[in-house]
Amino acid sequence: MPSEQELIAQRLDKRERLLAQGDAYPARVARTHTTAEAVATYEAFEVERGGPEAAAEAIAALAESSDPFHRLGVTIVGRVTAQRVMGKAAFLDLRDVSGRIQLHFRRDALPDFGNLDLVDLGDFLEVSGTLFRTRTGEVTVSVVSWRVITKAVRPMPDAYHGLTDVETRYRQRYLDLIANERSREIAFQRARIVSAVRRFFLDREFVEVETPVLQEEAGGAAARPFITHHNELNRDLFMRISLELHLKRLLVGGFEKVFEIGRVFRNEGVSFRHNPEFTLLESYEAYADYNDVARMVEELLASVATSVLGTPEVQHGDHVVSLRAPFARITYRDALMQHGGIDYKDYPTTETLAALAQQRHVAFAPGASWATILDALVSEYVEPKLIQPTFLMDYPTALSPLAKKKIDDPDTVERFELFALGFEIANAYSELNDPVDQRERMEEQARKAAAGDEEAEMMDVDFLTALEHGMPPAGGLGIGIDRLVSLITGEHSLREVILFPALRERATTDTIHEDREPTEDGGA
RNA sequence: GGGCCUGUAGCUCAAUUGGCAGAGCAGUGGGCUUUUAACCCAUCGGUUCAGGGUUCGAGUCCCUGCGGGCCCA
């Protein structure tokens, strides 16, 4: 009978029996210690008493007095992750966010010992008791009183084998987090990385802002947007694909250092290296150029990795990636010459470049622009070679409609991308602030869009108006936070560093709708 | 978009050339007062992803679809 439905029915029955005795879902608990604090408390007591044996003797000697263990008394809460029951005694493992502690229940000390029958793996308990160390050396709570504070009615994944089914790990991430230590680590590391990035910018007196997700034009990057609809305005809006154009408006408005960490949305493929929504950091600093930005990025990555990992070196399979400054720098053109033997200036037209790509068997979409084909060549020959962090400097103007041209070479812009492990990590420019040049380049993008290029950038007239009011020279930066987390944690797949990655639709997980109980409508 | 792999109990995994769908954990009942992957005895549990086909007989072979993974673009 223990099909999944039967396992659930058994637990629902236990829930009812607990509710008949009181509450199985109290709103308040009285935690005094996390599990880690409780263990530390006992270890400190041992040090104070001169060792584990002396501590145990002290406890034994005091056992008859009225309030023997006030210093060792704890109330802890957490989830039951293991049960070892032996008739008249039981050991349970309780886990909270700080760690794990063992509980010892004794029938002769607990009138409600029998209620342990109603406890399953996955339930949450509140227990009060005193700390001691078992014969086998584990700090343990000798339970004086306890209660269920949440009854779980579905079975947990296997406590020992964990949860390995990748699909379940992604679709029901909470189970992955319960079962797999590594998944918890990654999630917390990600949080530390984002905090460290934010602190880095705040320490440098950047101002953090929030700009619109819903936009009339989705600009600032070459990507297909999601389209949504505003009913009241009766018009379609775009989900943002970058943060760039609004942050630059703030430079026009007088901000000098500004940044945003925000979700952007790109209507593209779903894979281990692409998620349709991802977290982007962008920063803009007036009176800085892309060389200043490059130096800042070196400091940023080294300091974030060091604060999270304790070292700027990250193990990735066979590679050790060193995020110690300075990073290698090579120009885009030199890199393609060095790794592909191609000087793109020898192929100035779409036709000649397309012929070359075909001859080299480098695929590109039919009707692709010169810039797109060039990018395909760089993706093929250069990017996979860039394992250690490397700045690829000075991009072709045609690829970079928002970057400032080099003064002595209008075909090239002051732009770099940072690569590591063959991944693009960062993208930065000396920002284009000449409104006439910017308008011409946007018009060029508009022509490509009209010709069918779905990734051409949209014309943003309001942004151009802002630029015409004057934007100071500035260095701008974009960093894909998910890829940065992937780089620093050593995880290859973005799906490991995104808690809830996008997946194809699947039949929804059924919830419990038994007519065994009338539903009670809770007001919000 | 292409290639390869994959889907079996709540979880982790078996199942010989096509021959009665199994084990461990979890659950249930019993025993056990310092265990820790607790242990011992007993026991329950299956739309083998879905649909079709071949066959006396399909988890296994074939086709289609769905989900997932890896590699390539």
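Since the structure is predicted, the reported quantities are computational estimates derived from the model, not experimental observations. Computation of the quantities below employed the complete heavy-atom set of this structure, encompassing side-chain atoms and omitting hydrogens, waters and symmetry-equivalent molecules. To find a chain, count down the sequence lines: A is the first, B the second, and so on, and within it residues start at 1.
At least one donor-acceptor pair under 3.5 Å links the side chain of A:D482 to the backbone N or O of A:T279.
Atom name P, nucleotides B:rG51 and B:rA58: the rounded distance is 15 Å, in whole Å. Taking the C1' atom of each, B:rU47 and B:rC41 are spaced 33 Å apart, rounded to whole Å. Comparing B:rA50 with B:rU60, their P atoms are spaced 11 Å from each other, to the whole Å. Using C1' as the reference atom, B:rC49 and B:rG68 are 11 Å apart when rounded to the nearest Å. To the nearest whole angstrom, the two C1' atoms, one in B:rA23 and one in B:rU8, are 13 Å apart. Nucleotides B:rG46 and B:rG22, compared at atom P, are 12 Å apart to the nearest Å. Nucleotides B:rC32 and B:rA38, compared at atom C1', are 11 Å apart to the nearest Å. Between B:rU48 and B:rC4, the distance separating the two C1' atoms is 23 Å to the nearest Å.
A salt bridge does not link A:E57 with A:R49: none of the charged nitrogens is closer than 4.0 Å to a carboxylate oxygen. For A:R240 and A:E277, the salt-bridge test fails: no basic side-chain N is under 4.0 Å from an acidic carboxylate O. Contact check on A:D13 versus A:R17 returns a salt bridge, with a Lys/Arg side-chain nitrogen under 4.0 Å from an Asp/Glu carboxylate oxygen. The pair A:E138-A:R100 meets the salt-bridge criterion, since a charged nitrogen lies less than 4.0 angstrom from a carboxylate oxygen.
Between A:L92 atom CG and B:rA37 atom P there is a gap of 15 Å when expressed in whole angstrom units. Following rounding to the nearest Å, A:D123 (CG) and B:rG10 (P) show an atom-to-atom distance of 19 Å. Between the CZ atom of A:F132 and the P atom of B:rU35 there is a distance of 11 Å, given to the nearest Å. At whole-Å resolution of the value, CD in A:Q102 and P in B:rU34 are 12 Å apart. Distance NZ (A:K14) to C1' (B:rA26): 10 Å, rounded to an integer number of Å. Straight-line distance from the CZ atom of A:R169 to the P atom of B:rU12: 11 Å, rounded to whole Å. In this structure, A:R107 places its CZ atom 10 Å from C1' of B:rU33, rounding to the nearest Å. Whole-Å rounding puts the A:Q10 CD to B:rG27 C1' distance at 5 Å.
Between the base of B:rU12 and the side chain of A:T164 there is no donor-acceptor pair shorter than 3.5 Å. Checked by distance alone, A:D108 brings a side-chain donor or acceptor within 3.5 Å of a matching partner on the base of B:rU33. No N or O donor and acceptor, one from the side chain of A:E138 and one from the base of B:rU35, sit under 3.5 Å apart.
Out of B:rG24, B:rU35, B:rA73, the shortest distance to the side chain of A:A363 is found at B:rA73. Taking the side chain of A:T134 as heavy atoms from C-beta on, and the options B:rG24, B:rU35, B:rG27, the nearest nucleotide is B:rU35. Comparing atom distances between the A:H161 side chain and each of B:rU33, B:rU35, B:rG24 picks out B:rG24 as nearest. The side chain of A:L163 sits closest to B:rC11 out of B:rA26, B:rC11, B:rU28.
Taking side-chain N and O atoms only, A:S142 has no distance below 4.0 Å to OP1 or OP2 of B:rU34. At B:rG45, none of the side-chain N or O atoms of A:Q5 fall inside 4.0 Å of OP1 or OP2 (strictly under the cut-off).
A side-chain contact (heavy atoms from CB on, under 4.5 Å) with A:I8 is found for exactly one of A:E4, A:E6, A:Q10, A:R11, namely A:E4.
No hydrogens or angles considered: a donor-acceptor pair under 3.5 Å links the side chains of A:Y395 and A:E417. Counting only N and O atoms by type, the side chains of A:T134 and A:T140 include no donor and acceptor under 3.5 Å apart.
Comparing A:T168 and A:D120 by the nucleotide of RNA chain B whose heavy atom lies nearest to each, the residue mapping closer to the 5' end is A:T168. Both A:R135 and A:D165 lie close to RNA chain B; mapped to their nearest nucleotides by heavy-atom distance, the more 5′-ward contact belongs to A:D165.
Looking at residues 84-91 of chain A, you'll see A:R84, A:V85, A:M86, A:G87, A:K88, A:A89, A:F91 sit with a heavy atom under 4.0 Å from some atom of RNA chain B.
Counting heavy-atom neighbours within 6.0 Å of A:F188 CZ, excluding the residue itself, gives a total of 12 or less.
Relative orientation of the A:F105 and A:W146 rings is perpendicular, given thresholds of 30° and 60° on the angle between their planes. Ring planes of A:Y344 and A:W370: perpendicular class, angle over 60° (limits at 30 and 60°).
Identified under the salt bridge (charged side-chain N to carboxylate O under 4.0 Å, His left out) test for residues 363-387 of chain A, with sequence neighbours left out: none. Sorted by first and then second residue, the salt bridge (charged side-chain N to carboxylate O under 4.0 Å, His left out) pairs involving residues 344-356 of chain A (not counting sequence neighbours) are A:K345-A:D409.
Base pairing of B:rC4: its partner is B:rG69, meeting the Watson-Crick or G-U wobble criterion (both donor-acceptor distances under 3.5 Å). Nucleotide B:rU16 is matched to nothing when pairs are restricted to Watson-Crick or G-U wobble geometry with both distances under 3.5 angstrom. Across all strands shown, nothing is found opposite B:rU54 as a Watson-Crick or G-U wobble partner with both distances under 3.5 Å.
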Scan nucleotides 40-43 of chain B against the protein and return all N/O pairs shorter than 3.5 Å with their distances rounded to 0.1 Å.
none

Please tabulate, one pair per line, each protein N/O and nucleotide N/O from nucleotides 68-71 of chain B that are separated by under 3.5 Å, including the distance.
residue	atom	partner	partner atom	Å
B:rG68	OP1	A:R171	NH2	3.4
B:rG68	OP1	A:R504	N	2.8
B:rG68	OP2	A:R504	NE	3.3
B:rG68	O4'	A:E167	OE1	3.2
B:rG69	OP1	A:R495	NH1	2.0
B:rG69	OP2	A:R495	NH1	2.8

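With sequence neighbours left out, A:E457 forms a side chain to side chain donor-acceptor pair (under 3.5 Å) with no residue at all.
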